[in-house]
Amino acid sequence: MGVVRVSGADADIARLGSALLGRLPAARHATYTDFLDADGCALDAGIALYFPAPHSFTGDSVLELQGHGGPVVLDLILQRCLALGARLAEPGEFSRRAFLNGKLDLAQAEAVADLIEAASAEAARSAMRSLSGAFSARVNELLDGLIRLRVLVEATLDFPEEDIDFLQVADACGQLDRLDAALAAVRAQAKQGALLREGLTVVLVGQPNVGKSSLLNRLAGFEAAIVTDVAGTTRDTVRELIQIRGVPLHIVDTAGLRETEDAVEKIGIARTWEAIGRADVVLLLVDAAHGVGREEAAILERVPAIPRLTLHNKIDVTGEPARVEGDEIWLSARTGAGVDALRERLLHAAGWQIAGEGRFIARARHLHALSRAAQHLEAGRAAASQLELFAEELRLAQAALGEITGAFSADDLLGEIFGSFCIGK
């Protein structure tokens, strides 16, 4: 089956539907009918659905044509619609119209794309919660609390001659404390949602022949990288996407770090350091037989201040037991001993919390807006004795939160967001 969806003003949809179908179908009833060309001959036969405004996804009138899925037939129907005055939709235009018509807020509209692009079942469920309004509801609760506090502050500014101290009577400090706590909880949940959407980039580093490629294969569950006894086999980065409890992890195997005169290997080593610069977590592999030596210590000194784990590999050779000691794990990439512990430590390093039935999806811009709101609340608390500054910081915090749902959104931000959607959404 293939679908052609047309959205627009009711009069335009009525005219197009009458020409294409002979008559406009009854509202919200599936109608089996012919799709007609300009001469009245059938291009295809299928189901037509008509949703008059405002009771549609976009809030405009919508005509949906469900025909046979062959590309030639679909193209004929599409060309017929264009000949009748329709135009091709821009990326994300249906969702953008839904936002502009008040059918979805901005966070819900973004969740449409996140649901389509979800890399795991947990990410899909979380995106669906955002689409249903769970994230927006939490943000709106924060906005309501901010508005109540702003009203108190503005009242005190407007009526300074009153004997009653509005802020003290209404427990403004207590309200600010509760806002801080609620915002911290939403930020923590949003970070979990961002992990589900963006995933985590994990880079494997170490000297040649310590088992980086073997560990990548073990984590991926198949032979993603070539493994030999020859040191320096990996000359370029090899990437694989895996999931641990629904969290996407981008595992990057890299060229071994060592002094070399080989021109190709030097390029691979340079790319290793580039990958480390983009990493969320670095796994340093060492041979369990000799542990962390001078070379490994030099590598760690160059690694940025991000979570890192030291993996003592090849315990199947040394005979040591698999174990975890702080940020060090003893394991065997060949047998799999200790690898489950590594998976758990990776989630821990990412800040993943297991309990999260009400988890919603979130994006980097959401985290940035929440962070700015927290900064303004902190600045407001510091300036509480200067009511004008306090009021301004509360206003800025409200504006930052409003960007999440679209209450305060610049046109260029909307263009950037919806331009990343696929066509037809």
Side-chain angles (χ1 to χ4, degrees), residues 105-108 110-111 126 129-130 132-198 305 307 348-409:
D105 64 34
L106 194 52
Q108 289 175 296
E110 288 172 303
S126 296
R129 291 188 192 102
S130 288
S132 65
F135 185 22
S136 302
R138 297 295 303 277
V139 172
N140 288 331
E141 288 173 4
L142 292 171
L143 285 169
D144 289 343
L146 265 172
I147 290 170
R148 287 194 295 270
L149 186 54
R150 285 192 66 196
V151 167
L152 293 173
V153 175
E154 297 292 344
T156 304
L157 285 170
D158 290 341
F159 304 102
E161 71 281 357
E162 293 289 339
D163 294 331
I164 299 175
D165 186 338
F166 290 112
L167 297 183
Q168 185 175 357
V169 171
D171 187 25
C173 289
Q175 290 193 40
L176 185 57
D177 289 340
R178 289 188 288 275
L179 271 173
D180 278 335
L183 179 55
V186 174
R187 289 181 70 189
Q189 277 191 293
K191 287 178 181 177
Q192 301 289 294
L195 270 179
L196 283 173
R197 183 180 185 274
E198 306 291 344
H348 177 75
W352 181 252
Q353 303 294 324
I354 296 174
E357 285 302 315
R359 192 176 286 122
F360 45 75
I361 210 77
R363 296 185 169 204
R365 79 169 194 91
H366 301 152
L367 297 181
H368 182 57
L370 291 168
S371 176
R372 285 190 289 116
Q375 291 169 6
H376 288 304
L377 287 184
E378 183 179 352
R381 184 184 295 278
S385 60
Q386 300 171 279
L387 291 184
E388 291 85 356
L389 293 179
F390 188 24
E392 176 63 9
E393 293 297 341
L394 293 179
R395 186 191 69 80
L396 292 172
Q398 181 183 352
L401 291 176
E403 291 178 6
I404 295 174
T405 58
F408 309 102
S409 297

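The model shown is predicted, which means the values in this text are computed figures rather than measured ones.
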>> Restricting to side-chain hydrogen bond (donor to acceptor under 3.5 Å, both in side chains), what partner residues turn up for E378, sequence neighbours left out?
In response: none

> Parallel, tilted or perpendicular: which fits the ring planes of F135 and H366, with parallel below 30° and perpendicular above 60°?
Replying inline: perpendicular

> If you take all heavy atoms of A194 and L367, which pair is closest and at what distance?
Replying inline: CB-CD1, 3.6 Å

> From L149 CG over to I147 CD1, what is the distance, rounded to the nearest 0.5 angstrom?
Replying inline: 11.0 Å

>> Within this structure, what is the CG-CG distance for the pair L152 and L387, rounded to the nearest 0.5 Å?
In response: 11.0 Å

> What's the shortest heavy-atom distance between L179 and L142, and which atoms?
Replying inline: CD2-O, 3.6 Å

>> To check you understand the geometry: which heavy-atom pair defines the closest contact between R197 and A362, and what is its length?
In response: CD-O, 3.6 Å

> So, for G193 and I361, which heavy atoms are closest and what is the spacing to 0.1 Å?
Replying inline: O-CD1, 3.7 Å

>> Looking at every heavy atom in both A369 and I404, which two are closest together, and how far apart are they?
In response: CB-CG1, 3.7 Å

> Taking only residues two or more places apart in sequence, or in another chain, which ones meet Q108 in a side-chain hydrogen bond (donor to acceptor under 3.5 Å, both in side chains)?
Replying inline: none

>> Quick check against the 3.5 Å criterion: does R365 have a side-chain atom that pairs as donor or acceptor with the backbone of E403?
In response: yes

> Can L377 and E393 be said to form a side chain to side chain contact (heavy atoms under 4.5 Å, CB included), step by step?
Replying inline: CA-CA 7 Å; L377 287 184; E393 293 297 341; over 6 Å; no

> Do you know which two heavy atoms are closest between F390 and R381, and how far apart they sit?
Replying inline: CE1-N, 4.4 Å

>> With rounding to the nearest 0.5 angstrom, report the NE2 to CG distance, H376 to L183.
In response: 11.5 Å

> Can you name the side-chain hydrogen bond (donor to acceptor under 3.5 Å, both in side chains) partners of R148, sequence neighbours left out?
Replying inline: none

> Which value, rounded to the nearest 0.5 Å, describes the distance between Q398 atom CD and D144 atom CG?
Replying inline: 9.5 Å

